[in-house]
Amino acid sequence: MFDPADFPKPTLVSVNGVELEVFEAGRQNAGKPIVLCHGWPEHAFSWRHQMPVLAAAGYHVIVPNQRGYGNSSRPAEVTGYDIEHLSGDLIALLDHYGYEDATFVGHDWGAAVVWGLTLLHPNRVNKVINLSLPYLERGEKPWIESMEDVLGGDFYFVHFNRQPGVADAVFEENTLRFLRNMYRKNEPPREPRPGMSLIDLARAETPLGEPVMSDGELAVFVSAFESTGFTGSVNWYRNLDRNWRLLADVNPIIQQPTLMIYGDRDLVQKSERLTDFVPNAEVVSLDCGHWIQQEKPEETNQAILKWLDQRDAA
């Protein structure tokens, strides 16, 4: 397990009208940037196992707490969390460090942002590495509408949009319990139940499966969300249909070399059509659940470094 005291100290960087809390490793490797983008409900600390390894491999590792998280800004307007703002933060971060482009790595919602960033600003992304969440096709109907049709109003994406504030309040009342219950692995299968699953998870007294991290590591996430609440981070979900509209006229094909890492036991489904939209994608699957880089840090690091070495040698 990782000692939180070993995590780098952050700096606050003013970009794109907000301040981002940014953690770095390998500053001596200027000129070879790699930007790691966390998911939900996470924190830059979720990349603690990757940062020193990538720095040792010669990369300048840049890990922001994105807007809504940690000590980064939390705009009040819901629309302040759409893909234009989230990708704009990352572009402004590259400008801050003087980089034309970088390799971007994303997990979960961070992967969604990296996909969107690459569509909106293809000249600023040289390689893509995404974990868990594959490329999301832009169908004829907005995403939340489509999810509501197929999965119903209690599906958490839909619930966050149709009942704003309800889930946020439950998470905030049960921050430790919610995050403790969320960060699990090797969970036994569960029968689907009526109701909003994440609200039930936040209130469940007994977690299932095994913890992904130590109590000390978990405390970093708990402390951050006790400070910020959840609304800023949940507002990312509340922009899905807005993002669908913002991407309407964008070329949907991603040409960059791409590594897609799945967890075989992740509830997020793999894409059967990934290479239709990401023709230069390679796929690696690891024997784990959703929290890939935290559940299988060594295997994740090996997969990333092997793929990067092959790209650099090409």
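- When atom types are taken as modelled, the side chain of His38 and the backbone of Gln66 share a donor-acceptor pair closer than 3.5 angstrom.
- Ser73 places a side-chain N or O within 3.5 Å of a backbone atom of Glu19 that can act as its donor or acceptor partner.
- Using a distance-only test at 3.5 Å, with no hydrogens or angles considered, a donor-acceptor pair links the side chain of Ser72 to the main chain of Asn65.
- Using a distance-only test at 3.5 Å, with no hydrogens or angles considered, a donor-acceptor pair links the side chain of Glu295 to the main chain of Trp291.
- A salt bridge does not link Asp215 with Arg180: every distance from a Lys NZ or Arg NE/NH1/NH2 to an Asp or Glu carboxylate oxygen is 4.0 Å or more.
- Residues Leu286 and Gln302 form no side-chain contact, since every pair of their non-hydrogen atoms from C-beta on lies 4.5 Å or further apart.
- The closest side-chain donor-acceptor pair between Arg265 and Asn186 falls under 3.5 angstrom.
- In this structure, Phe2 and Phe45 have side chains that are in contact, with non-hydrogen atoms separated by less than 4.5 Å.
- In this structure, the side chain of Asn251 does not engage the main chain of Leu119 through any donor-acceptor pair within 3.5 Å.
- Looking at His290 and Asp108, their side chains do bring a donor and an acceptor atom within 3.5 Å of each other.
- Ion pairing between a basic and an acidic side chain is recognised when a charged N comes within 4.0 Å of a carboxylate O; Glu24 and Arg27 show such pairing.
- Aromatic pair Trp40/Phe160: centroids less than 6.0 angstrom apart.
- Asp287 approaches Lys296 most closely through the heavy-atom pair O-CE, 3.0 Å.
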(request) Could you please spell out the steps behind the side chain to side chain contact (heavy atoms under 4.5 Å, CB included) verdict for Asn243 and Trp143? (result) CA-CA 9 Å; Asn243 294 347; Trp143 284 309; 4.2 Å; yes
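- Within the 4.5 Å cutoff, no side-chain heavy atoms of Glu148 are placed close to those of Phe157.
- A donor-acceptor pair shorter than 3.5 Å cannot be found between the side chains of Asn126 and Gln256.
- The nearest pair of heavy atoms linking Pro41 to Tyr183 is O-OH, 2.5 Å.
- Side-chain contact between Phe104 and Thr118 is absent, with no heavy atoms from C-beta onward closer than 4.5 Å.
- Formation of a donor-acceptor pair under 3.5 Å by the Asn239 side chain with backbone atoms of Ile83 is not found in this model.
- Here Tyr262 pairs with nothing under the ring pair (Phe, Tyr, Trp, His ring centres under 6.0 Å) rule; sequence neighbours left out.
- A salt bridge between Arg124 and Asp95 is present, with a side-chain N of the basic residue lying under 4.0 Å from a carboxylate O of the acidic one.
- For the pair Trp236 (side chain) and Arg67 (backbone), a donor-acceptor distance under 3.5 Å is present.
- The nearest pair of heavy atoms linking Ser132 to His107 is CB-CD2, 3.9 Å.
- Looking only at distances, a side-chain donor or acceptor of Asp82 sits under 3.5 Å from a matching main-chain atom of His85.
- Within the 4.5 Å cutoff, side-chain heavy atoms of Leu120 are placed close to those of Leu247.
- Listed by chain and number, the residues in a ring pair (Phe, Tyr, Trp, His ring centres under 6.0 Å) with His60 are Tyr97, Tyr99 (sequence neighbours excluded).
- No single ILVMFWY cluster, assembled from side-chain heavy atoms under 4.5 Å apart, contains both Leu176 and Leu208.
- Taking the ring centroids of Phe178 and Phe230, they lie under the 6.0 Å cut-off.
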(request) Determine, step by step, whether Ile304 and Gln293 satisfy the side chain to side chain contact (heavy atoms under 4.5 Å, CB included) criterion, reporting the C-alpha distance in whole Å, the side-chain angles of both residues, the deciding distance to 0.1 Å, and the verdict. (result) CA-CA 10 Å; Ile304 289 173; Gln293 76 271 32; over 6 Å; no
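- Pairing each heavy atom of Arg74 with each of Tyr81, the nearest pair is C-OH, 3.1 Å.
- No side-chain heavy atom of Met213 sits less than 4.5 Å from a side-chain heavy atom of Val220.
- Ala204 and Asn181 make their closest contact through O-ND2, 2.8 Å (heavy atoms, listed as atom of the first residue, atom of the second, distance).
- Listed for the Asn280 side chain is a donor-acceptor partner under 3.5 Å among the backbone atoms of Gln255.
- Side-chain contact between Val22 and Ile62: present, with at least one pair of heavy atoms (C-beta onward) separated by less than 4.5 Å.
- Across every non-hydrogen atom of Gly153 and Val158, the tightest pair is CA-CG1, 3.8 Å.
- No donor-acceptor distance shorter than 3.5 angstrom exists from the side chain of Asp200 to the backbone of Gly195, with no hydrogens or angles considered.
- Taking 4.5 Å as the limit, every side-chain heavy atom of Val128 sits out of range of all side-chain heavy atoms of Val278.
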